[in-house]
Number of protein chains: 4
Amino acid sequence: MNKAIIVGNLTRDPELRATGSGISVCSFTVAVNRRFKDQNGETQADFIPVVVWRQQGENCAKYLSKGSKVAVCGAIQVRSYDAQDGSKRYATEIVADEVQFLNSRGEGAAPQPRQERPAPKAPASMQFDDDLHPVEDDDLPF
Amino acid sequence: MNKAIIVGNLTRDPELRATGSGISVCSFTVAVNRRFKDQNGETQADFIPVVVWRQQGENCAKYLSKGSKVAVCGAIQVRSYDAQDGSKRYATEIVADEVQFLNSRGEGAAPQPRQERPAPKAPASMQFDDDLHPVEDDDLPF
Amino acid sequence: MNKAIIVGNLTRDPELRATGSGISVCSFTVAVNRRFKDQNGETQADFIPVVVWRQQGENCAKYLSKGSKVAVCGAIQVRSYDAQDGSKRYATEIVADEVQFLNSRGEGAAPQPRQERPAPKAPASMQFDDDLHPVEDDDLPF
Amino acid sequence: MNKAIIVGNLTRDPELRATGSGISVCSFTVAVNRRFKDQNGETQADFIPVVVWRQQGENCAKYLSKGSKVAVCGAIQVRSYDAQDGSKRYATEIVADEVQFLNSRGEGAAPQPRQERPAPKAPASMQFDDDLHPVEDDDLPF
DNA sequence: TTTT
DNA sequence: TTTT
């Protein structure tokens, strides 16, 4: 069992990339306010990276933008990698099962596509091979 | 809203420390198996750091050990800090609200204290001041 | 472990009552849309009862109204009782730990009190004794 | 968003039925202990109905039995129906996405099939037509 | 109605 | 019974 549910706002516009074989993957960070203020009375937030695969990721890229409020449900994924200095580093993110749009460009209105733009295509410099990677991919393009 | 629920096994014995003013904090890592195997048929796991404060943390230190199975509910916390090389790093962990023991030393038996040992005391080299830190502490002793 | 997290809209204005000793308890129902439409293409929803105790319940009564969007986290509680015909009945609701207001009268604006009104007081006909009831009360006034 | 996660024990052996077209559905009730005892010092529990569809439901019927400990993740579903006396009744259950076996007949051992038995077949008296019912079926055979 |  |  590995479930995370967060509600918060995007810190930036989402980024859409694709694996070499054309699987879409969208990534963004959600600012989640903590329930209690710090000792200075300041609101604190956790900044939680989220990735969304395939059609759902494309919808996120299309309808969400900086400031959009979302509810995300998914699994916590911890990837470890070796830094250039040889040390072990960890990258933690939520791999989303569901993303619910709580306001994209104005609560009450149906979400509008963020912009007309050509079909997302990762630049060659970002492409990588995903032949071996099904849904449970561990080799994310970011 | 910021909720994470995981079920898995401790990768090591838990560590118990204390803030300078004597607030207990227990930390351990939970290995959470993924639902699907990788392309080699190997079970994959995410290794998720957990921290537990106060009495509940003391109970974890007392009753859990390497391999214990737990269900943890809490909030995802992302702390950012500056690495020695000046770069920004992130540490992500679950700050537990609840830890349910699913088998500590044998399912079916009441959990037994892991060992008789003196009251937990952080070594001087680890102590730090927590005068400014209520529950929503951002300055963890690890 | 018993956690439920829902996001949806209030079907009616919340109701605020109090136990005999003055503990506030707020109740409302949240309509949660299902992810998939039924075979007629109609959106389906689950209508989930929620109860919120004490100060947090008072805040719900003050700031929420029919249609308000909320995120609720809590525990599923199943109360059994004997119907007048002698049969066993079950009442299921979420006892909230947290209620996050996602739009009460206009997203982006601070929630406004729903109305000026006197301090909530249960009518005598609804009062009941709560001398024996701490937080984990099983004898709700509704 | 509609997520529930519970950890507890089956109150009875699971029941496996099938729709008219042969879709398996398994049902059982999970006793989930509350965190706090009542005023008499007694452990209280909520008894939460769970349904599991298809292959996963068949696995539950095969490997689980009374007393088995499980973690269940799913959605809260509230079905309303008209009682014979004309009144409105509600049935609430968790429709499972995931069921994790935490001990079926002995933690640490691989779960053993509960019994050898013929492929599950609903008796004719229970069969019903599911031609119109995909996964999001509202017409459960129980 | 479970379990520890 | 909500909402988009």
>> Please report the distance, rounded to the nearest Å, between CG in B:Leu102 and C1' in E:dT3.
In response: 11 Å
>> Looking only at the side chain of D:Tyr90 (C-beta and beyond, no hydrogens), which of the listed nucleotides E:dT1, F:dT1, F:dT2 gets closest?
In response: F:dT1
>> Whole angstroms only, please: what is the CD1-P distance between C:Ile48 and F:dT2?
In response: 15 Å
> Counting any heavy atom closer than 4.0 Å, what does C:Gly8 reach on the DNA or RNA strands: base, sugar-phosphate only, or nothing?
Replying inline: nothing
>> Looking at D:Arg35, I want to see if its CZ is surrounded by more than 12 non-hydrogen atoms of other residues, nucleotides or ligands under 6.0 Å.
In response: yes
> D:Lys69 NZ to E:dT1 P: how many Å, rounded?
Replying inline: 19 Å
> Atom OH of B:Tyr63 and atom C1' of E:dT4: how far apart are they, to the nearest Å?
Replying inline: 13 Å
>> Could you check whether any side-chain heavy atom of C:Pro49 comes within less than 4.5 Å of a side-chain heavy atom of C:Ile94, counting everything from C-beta outward?
In response: no
>> What's D:Phe28 touching, base or sugar-phosphate or nothing? Going by heavy atoms closer than 4.0 Å.
In response: nothing
> What integer distance in Å separates C:Asp13:CG from F:dT2:P?
Replying inline: 12 Å
>> Holding to side-chain contact (heavy atoms from CB on, under 4.5 Å), I want the full list of residues that pass it with A:Ala96, two or more places apart in sequence or in another chain.
In response: A:Val50, A:Val52, A:Val72, A:Val99
> Which nucleotide sits closest to the side chain of C:Asn33: F:dT3, F:dT1, E:dT1?
Replying inline: F:dT3
> Stepwise, does the side-chain contact (heavy atoms from CB on, under 4.5 Å) test hold for D:Lys69 with B:Leu102?
Replying inline: CA-CA 9 Å; D:Lys69 189 184 290 292; B:Leu102 298 176; 3.9 Å; yes
>> By nearest atom, which of the nucleotides F:dT2, F:dT1, E:dT1 is closest to the C:Ala31 side chain?
In response: F:dT2
> CG of C:Asn9 versus P of F:dT4: gap in Å, rounded?
Replying inline: 7 Å
>> From CD of B:Gln100 over to P of E:dT4, roughly how many Å is that when rounded to an integer?
In response: 12 Å
> Rounded to whole angstroms, how far apart are CG on C:Leu10 and P on F:dT4?
Replying inline: 14 Å
